[in-house]
Amino acid sequence: MQTIAILGANGVYGRWLTPRLIGAGYTVRALVRRPEAAGVAAACGADVRMADIFDQPAMSAALRGCDVGINLATSLPGPSGRGSYEANDRVRQVGTPIWLAACRDAGVKRVIQQSIAMLSASGSDAWSDEDTTFAGGDGVTGRAYGATIAMEGAVRASDLDWLILRGGLFYGPGTGFDDDWFQRARDGKLRLPGDGSDYVSLLHVADMAAATTAAIKHWPSCQTLIIADDEPSQWRDVFGFVTQSVGAAAPEPGARVGFPSFRVRNTRAKAVLNWAPFYTSYRVGLIR
């Protein structure tokens, strides 16, 4: 059975993916910056190795003997206070080519790159897919999109056999998003992004792990795939469901709009991966 290396295995995506891969019979090597925080990976039986995306020699050493490398490395700001959007852009734009070189040096021929379905945003209520690339964006959003485009470009330009998985907006245990939504709803503080008419394509993190496992099994070589649920929805519907679930008043408009409206299709991934989301919509996954 293949040995799968996961860079960034301490993150929420990695914590869901590791046990699923091990349960499917794969050997997992967890590449992490902080081994002391790799409790889930170690408890599941993964081989934990220390490596940083900016340290090519360490990554090359940790990757040797692996068949597939999965890059989940991010540095987004979180509750711990670590990370920032600027640091995350650097991980994507500067770190990804280093990661790819390390895979090449270590003889890892197949790589999976985590990306974001927001890159396929239409910016409106129009449906979009993998052939759509959002044009525009200022400030932090514009820099983030530029860094993500550069990241994907480095993967495609490599001489490795690659897959890019563009995930929808994660929710589910460990992500913090839905817990925050429900708490703010109970406190009467949940607000709609803008007027709530923008679309969001959500994805339960368990479904991302399932799709990644299916990608390794079926391996549709050199494809970019959107992994999202079946029912992109307007924020007013998602947050209205949340507030109604806890018996709170309907959310009012006025919160910051963090990213463009994205209403993406998952048709291609479902076809080539023989996969479908278990949590088909927010009404299935946002149960409390």
Side-chain angles (χ1 to χ4, degrees), residues 76 85 89 92 113-153 155-156 163-172 175 177-178 181 190-205 207-208 211 215 220 222-243 250-273 275-286:
L76 288 166
Y85 292 109
D89 292 346
R92 288 174 172 167
Q113 176 63 56
Q114 175 191 6
S115 189
I116 52 174
M118 292 170 227
L119 201 62
S120 297
S122 65
S124 69
D125 62 357
W127 285 91
S128 56
D129 60 19
E130 292 86 350
D131 298 324
T132 308
T133 300
F134 179 69
D138 300 318
V140 172
T141 300
R143 291 193 298 272
Y145 274 77
T148 307
I149 290 170
M151 174 188 74
E152 289 194 0
V155 173
R156 294 190 187 95
L163 292 173
I164 295 172
L165 303 183
R166 290 181 177 173
L169 181 65
F170 286 172
Y171 72 100
T175 64
F177 278 109
D178 37 333
W181 296 341
L190 187 63
R191 298 290 181 268
L192 297 171
D195 65 3
S197 63
D198 280 357
Y199 276 82
V200 59
S201 292
L202 295 170
L203 178 67
H204 196 288
V205 65
D207 283 324
M208 188 67 179
C222 298
Q223 290 202 45
T224 300
L225 301 172
I226 288 173
I227 313 297
D229 74 15
D230 290 337
E231 192 179 326
S233 303
Q234 291 174 298
W235 280 112
R236 63 166 66 107
D237 294 327
V238 177
F239 281 6
F241 179 87
V242 171
T243 53
E252 297 180 2
R256 184 180 69 87
V257 176
F259 41 79
S261 179
F262 71 117
R263 190 184 190 189
V264 296
R265 293 188 176 90
N266 59 14
T267 310
R268 193 174 302 178
K270 291 170 80 170
V272 301
L273 300 182
W275 162 89
F278 178 83
Y279 299 97
T280 54
S281 82
Y282 66 89
R283 284 185 295 274
V284 180
L286 283 177

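Legend: residues meeting side chain to side chain contact (heavy atoms under 4.5 Å, CB included) with Asp230, ordered by chain and number and at least two apart, are Asn266, Lys270, Pro277, Thr280. Legend: residues meeting side-chain hydrogen bond (donor to acceptor under 3.5 Å, both in side chains) with Glu152, ordered by chain and number and at least two apart, are Ser115, Arg156, Arg166. Legend: residues meeting side-chain hydrogen bond (donor to acceptor under 3.5 Å, both in side chains) with Ser261, ordered by chain and number and at least two apart, are absent. Applying the side-chain hydrogen bond (donor to acceptor under 3.5 Å, both in side chains) criterion to Gln113, with sequence neighbours excluded, gives Asn71. Listed by chain and residue number, Arg265 satisfy the side chain to side chain contact (heavy atoms under 4.5 Å, CB included) test with Thr267 (two or more places apart in sequence, or in another chain). For Asp198, the salt bridge (Lys or Arg N to Asp or Glu O under 4.0 Å) criterion is met by no residue, not counting sequence neighbours. The salt bridge (Lys or Arg N to Asp or Glu O under 4.0 Å) test applied to Arg191 returns no partner, not counting sequence neighbours. Under the side chain to side chain contact (heavy atoms under 4.5 Å, CB included) criterion, Ser201 pairs with Ala228, Pro232, Phe262, Val264, sequence neighbours left out. For Glu231, the salt bridge (Lys or Arg N to Asp or Glu O under 4.0 Å) partners at least two apart in sequence or on another chain are Arg283. Listed by chain and residue number, Asp89, Arg92, Gln93 satisfy the side chain to side chain contact (heavy atoms under 4.5 Å, CB included) test with Ala147 (two or more places apart in sequence, or in another chain). For Trp181, the ring pair (Phe, Tyr, Trp, His ring centres under 6.0 Å) partners two or more places apart in sequence, or in a different chain, are Trp235, Phe239.
Counting only distance, with no hydrogens or angles, the side chain of Ser128 and the backbone of Thr132 share no donor-acceptor pair below 3.5 Å. Of the possible donor and acceptor atoms, one in the side chain of Tyr145 sits under 3.5 Å from a partner among the backbone N and O of Met118.
Annotation: the span from Gln114 atom CD to Thr148 atom OG1 amounts to 10.0 Å, rounded to 0.5 Å. Here the straight-line distance linking atom CD1 of Ile149 with atom CZ of Phe134 works out to 10.0 Å at 0.5 Å rounding. Rounded to the nearest 0.5 angstrom, Leu192 CG and Gln234 CD are separated by 10.5 Å. The distance from atom CG of Leu119 to atom CD1 of Ile164, rounded to the nearest 0.5 Å, is 9.5 Å. Going from atom CG of Leu169 over to atom CG of Asp229 covers 10.0 Å, rounded to the nearest 0.5 Å.
Closest non-hydrogen pair, Ser120 versus Ile226, comes out as OG-CD1, 3.7 Å. When all heavy atoms of Leu273 and Ala211 are compared, the pair lying nearest together is CD1-O, 3.8 Å. Annotation for Ala121 and Pro260: closest pair CB-CG, 3.9 Å, computed over non-hydrogen atoms. Residues Asp207 and Trp275 come closest through the heavy atom pair O-NE1, 3.4 Å.
Taking the six-membered ring for Trp and thresholds of 30 and 60 degrees, Tyr282 and Phe241 have ring planes more than 60 degrees apart, a perpendicular arrangement.
You'll find the side chain of Leu165 reaches within 4.5 Å of the side chain of Met208, heavy atoms only.
Among residue pairs with one or both ends in residues 118-130, those qualifying as salt bridge (charged side-chain N to carboxylate O under 4.0 Å, His left out) are Glu130-Arg268; sequence neighbours excluded.
Screening Phe170, Tyr279, Phe177 for a ring-ring contact (aromatic ring centres under 6.0 Å, His included) involving His204 leaves a single residue, Tyr279.
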